[in-house]
There are 2 protein chains.
Amino acid sequence: MGFQVTVDLVVLTIRSARQTARGSLHVLLVRRGIPPYQGRWALPGGFVLDHEDLPEAAERELAEETGVDGAARHLEQLATYGAPRRDPRGRVVTVAYLALLPDLPSPVAGTDAAAAAWHDVAALPRLAFDHARILADGVERARAKLEYTPLATAFCPPEFTVAGVREVYEAVWGRPLDPRNFHRKVTSTPGFVEPVGQRTGGSRGRPAELYRRGDAVTLYPPLLRPASS
Amino acid sequence: MGFQVTVDLVVLTIRSARQTARGSLHVLLVRRGIPPYQGRWALPGGFVLDHEDLPEAAERELAEETGVDGAARHLEQLATYGAPRRDPRGRVVTVAYLALLPDLPSPVAGTDAAAAAWHDVAALPRLAFDHARILADGVERARAKLEYTPLATAFCPPEFTVAGVREVYEAVWGRPLDPRNFHRKVTSTPGFVEPVGQRTGGSRGRPAELYRRGDAVTLYPPLLRPASS
DNA sequence: ACAAAAGTGTTAATATTACACCCATGA
DNA sequence: TCATGGGTGTAATATTAACACTTTTGT
């Protein structure tokens, strides 16, 4: 009966790793200022308010933590966690959401974001509560959905190159893909991307064609990760 | 703060439709004996107890409603629904689970199952609360997971034929599949099924080889439904 | 023998993979 | 001109799709 309900966010983005030129998958974490788990890193989140639906609460938390406007990101429910002792303060059930964002030009600038930071998912600190598990589930969901949905574009800005999409796949799957075949696959799968009719400039090499997200919800045929090998 | 938390079950099975020989997808519904929505059909479910984890509560409800033992079925979390006015009695958040069962030889024989019945998902009555939405999400989840997991075998008894698996796919996807190609696909995908070394008998036509579930968690390559057409 | 269901063979179309090679730019 | 990515061509392989045909049973 007397449950508390929270939403927790697994906010993922692709950021250039410290030394390498390649991007890698990062997650937004906040440092807890109060017990329990004081000082530990945790997923951002908070209580669901009395009048709020679950997606509303997730949107609100996401806006509070990142300041991104509603259109420029993907947000979906991930799973719900409610083990009796997952929070020492009482019976708290948390509904986790997965958010995918482009690499923000301005760093995280939310209200209580003083202690918020991006962490490479390959080098995580210890997390509070059962957040390590939730995060692992979120990463696995992202990996799986790249196969059969055009979700990779949610990590990209409104206009992007095929190489940008490839960088997303390589960062999330953690393995290199053939640029030539990837290009063909992305441009030939119906509804994945739409050409803008412009090209990039300024960088080295041949300028790349710019694309926008297409209207497909699923990729057919899918873009399968190579067998585990 | 003061939330109530329930679990609701989308219990699916394949049953022979009234007149046709082919099986079709059915869902377990219970008729509500008390307000709200008295007399309406609803998904089985109930409150999560103080000491219970979410999967435990789902297992308990499933056992209460169907009496199936733990091993012979698939049970996974589906999604969580918590709109402020989804239950007129107060703020109730429900964690929905999806269960897949073989067609039970003995009909539903649970404790409070006097008013429980299987319904063809193609001919549903009006449902209580937001259960129509939850059920639709469950059916869609099942449809999608048949593509890239060996979950179809969860609808089959411990030993089954390839034709039995095909009947599952045809019922869930609602379209016929080529028996010859399907047979090859199922028997050649690693870990999907294991031959038992016995054959069926008694029916018409050539006896079919019997199989058990394999140990694969995902199908590679997947078994994609034909493009929407 | 015949109908019915199981299962194999074969071929064409489609998709994936590997990699040679050309294109367009900055330095 | 060279280095650097962007992008196309092409051939080998793998997978899917369509369907003829054989196998093994009950009647």
Side-chain angles (χ1 to χ4, degrees), chain A residues 16 20-23 146-148 156 159-170 173 175-193 195-211 216 218-229, chain B residues 16 20-23 146-148 156 159-170 173 175-190 192-193 195-211 218-229:
Chain A
S16 303
T20 57
R22 300 286 87 194
L146 288 203
E147 292 196 323
Y148 52 94
C156 298
E159 300 194 343
F160 51 81
T161 65
V162 173
V165 181
R166 179 164 47 86
E167 218 181 314
V168 171
Y169 275 88
E170 292 181 335
W173 285 352
R175 78 186 76 183
L177 298 173
D178 185 293
R180 288 82 54 99
N181 293 334
F182 185 85
H183 184 279
R184 231 191 314 260
K185 178 71 183 172
V186 168
T187 53
S188 73
T189 301
F192 197 164
V193 297
V196 167
Q198 282 185 337
R199 293 161 169 272
T200 54
S203 83
R204 247 189 315 221
R206 173 174 167 175
E209 198 73 32
L210 283 172
Y211 294 87
T218 59
L219 301 182
Y220 191 89
L223 185 55
L224 299 174
R225 356 176 200 188
S228 55
S229 85
Chain B
S16 302
T20 58
R22 298 288 87 194
L146 288 204
E147 293 197 322
Y148 53 93
C156 298
E159 300 194 343
F160 51 82
T161 66
V162 174
V165 182
R166 178 162 50 85
E167 219 181 311
V168 171
Y169 275 88
E170 292 180 335
W173 285 353
R175 78 187 75 186
L177 298 172
D178 184 293
R180 288 85 49 99
N181 293 334
F182 185 85
H183 184 280
R184 230 191 315 259
K185 178 72 183 171
V186 167
T187 53
S188 72
T189 301
F192 196 162
V193 298
V196 167
Q198 281 185 338
R199 290 161 171 276
T200 53
S203 82
R204 249 197 306 229
R206 173 173 169 177
E209 198 71 32
L210 283 172
Y211 293 87
T218 57
L219 301 182
Y220 192 89
L223 188 64
L224 300 174
R225 353 175 204 191
S228 55
S229 86

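Model, not experiment: these values are computed from the prediction. Chain A is the first sequence line, chain B the second, and so forth, proteins listed ahead of strands; every chain is numbered from 1.
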Whole angstroms only, please: what is the [atom1]-[atom2] distance between [X] and [N]?
| X | N | atom1 | atom2 | answer |
| --- | --- | --- | --- | --- |
| Arg206(B) | dA5(C) | CZ | P | 14 Å |
| Leu224(B) | dT14(C) | CG | P | 16 Å |
| Glu209(B) | dA5(C) | CD | C1' | 14 Å |
| Asn181(A) | dT14(C) | CG | P | 19 Å |
| Glu167(A) | dG5(D) | CD | C1' | 13 Å |
| Asp178(B) | dT8(C) | CG | P | 14 Å |
| Arg184(A) | dA11(D) | CZ | C1' | 12 Å |
| Phe182(B) | dA5(C) | CZ | P | 17 Å |

**Study point:** Taking every non-hydrogen atom, the tightest pair across Ala216(A) and Pro190(A)
**Key:**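 That closest heavy-atom pairing would be CB-O, 3.7 Å.
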
**Study point:** Where Pro222(A) and Glu147(A) come nearest, the two heavy atoms and their spacing
**Key:**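 For Pro222(A) versus Glu147(A), the nearest heavy atoms are CB-O, 3.3 Å.
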
Let's see if you can work this out: which of [options] has an atom nearest to the side-chain heavy atoms of [X]?
| X | options | result |
| --- | --- | --- |
| Pro221(B) | dC19(D), dT16(D), dG26(D) | dT16(D) |
| Arg180(A) | dT8(C), dC19(C), dG26(D) | dC19(C) |
| His183(B) | dG7(D), dT8(C), dA4(C) | dT8(C) |

Practice item. Answer yes or no: does a side-chain N or O of Lys185(A) lie under 4.0 Å from OP1 or OP2 of dT16(C)? Key: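 Indeed, a polar side-chain atom of Lys185(A) lies that close.
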
Review point. Relative to the 5' end of DNA chain C, which residue comes earlier, Arg204(B) or Arg204(A), by the nucleotide with the nearest heavy atom?
Key: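 Counting from the 5' end, the first nearest nucleotide belongs to Arg204(B).
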
Practice item. Nearest-nucleotide wise, let me know which of Gly205(A) and Gly202(B) is further upstream toward the 5' end of DNA chain D. Key: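 Counting from the 5' end, the first nearest nucleotide belongs to Gly205(A).
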
Check your understanding: About how many Å separate NE2 of His183(A) and CG of Leu177(A), when rounded to the nearest 0.5 Å?
Key ->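 Between atom CG of Leu177(A) and atom NE2 of His183(A) there are 14.0 Å.
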
Review point. How far does CZ of Arg225(B) sit from OH of Tyr169(B), to the nearest 0.5 angstrom?
Key: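 Here the interatomic distance stands at 11.0 Å.
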
**Study point:** Sugar-phosphate, base or nothing in reach of Ser203(B), heavy atoms under 4.0 Å
**Key:**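 Result for Ser203(B) = sugar-phosphate.
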
Exercise for review: Give Arg199(B) one of three labels, base, sugar-phosphate or nothing, depending on what nucleic acid heavy atoms sit under 4.0 Å from its own.
Suggested key: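 Nothing: the residue Arg199(B), judged by heavy atoms under 4.0 Å, touches no strand.
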
Exercise for review: Report the C-alpha separation of Thr187(A) and Val162(A) in whole Å, then their side-chain angles, then the decisive distance to 0.1 Å, and conclude whether the side chain to side chain contact (heavy atoms under 4.5 Å, CB included) test is met.
Suggested key: CA-CA 8 Å; Thr187(A) 53; Val162(A) 173; 4.1 Å; yes

